[in-house]
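Order of appearance sets the numbers: ligands from 1, and atoms from 1 within every ligand.
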Amino acid sequence: MVKIVQKDDPVLRKIAKSIEVVDINTSKIKRIIEDMKTVLNSCDDGIALAAPQIGQSIRLFIVSPKAFEIMSKIEPKQDIKGGNYLVCFNPKITKTSSKKMLLEEGCLSVRWLYGKIKRSQKVTISAINEDGQKFERGASGLLAEIFQHEIDHLDGKLFIDEAFDLITIKPEEKHE
Ligand code: ZN
């Protein structure tokens, strides 16, 4: 299985490259998506992953069905189309709310730090799906947080660049 690279890896600091629509259907890209799904699925607390986190500097992130399950419980009012992985190529934030929310955040590439960060409460992204089709999707709450966190990865940013009150919580200490 591929590994999730950790915060000092230079690939996490690169501006990832856009993907040509004609390349989305290639075996190379399909393989990367499969690798991302496998590794994300192996992390108990993983809900989304950007391609640079497995060493691939391309503009791609995926959101796990786990994330949509969580959202359907905590944000029942939001219209959640879930059940499957959400795959986003070349995502761009097209709208952000001026209203911010203060969130607790962590990252699979920054073990085991957690901190507080301000994010826009709502965002809209445009992206290209696995079939090469352009789509727009609005999100609030957790999904908006995920979109902002993952797009930051594609721009070489990590949440710890902006987060404060950072603390280390080892997995064995995480009892809720
Ligand atoms: Zn991350």
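- Side-chain contact, N25 with K30: a donor N or O sits under 3.5 Å from an acceptor N or O.
- Comment: D161 engages R13 in a salt bridge, judged by a side-chain N to carboxylate O separation of less than 4.0 angstrom.
- A salt bridge does not link D155 with K14: every distance from a Lys NZ or Arg NE/NH1/NH2 to an Asp or Glu carboxylate oxygen is 4.0 Å or more.
- Tally of protein N, O or S atoms closer to the Zn ion (ligand 1) than 2.8 Å: 3.
- Checked by atom type, the side-chain pair Q6/S109 shows no donor-acceptor distance below 3.5 Å.
- Closest non-hydrogen pair, D23 versus T26, comes out as O-OG1, 2.7 Å.
- R119 has a carboxylate O that lies under 4.0 Å from a charged side-chain N of E105, or vice versa, which qualifies the two as a salt bridge.
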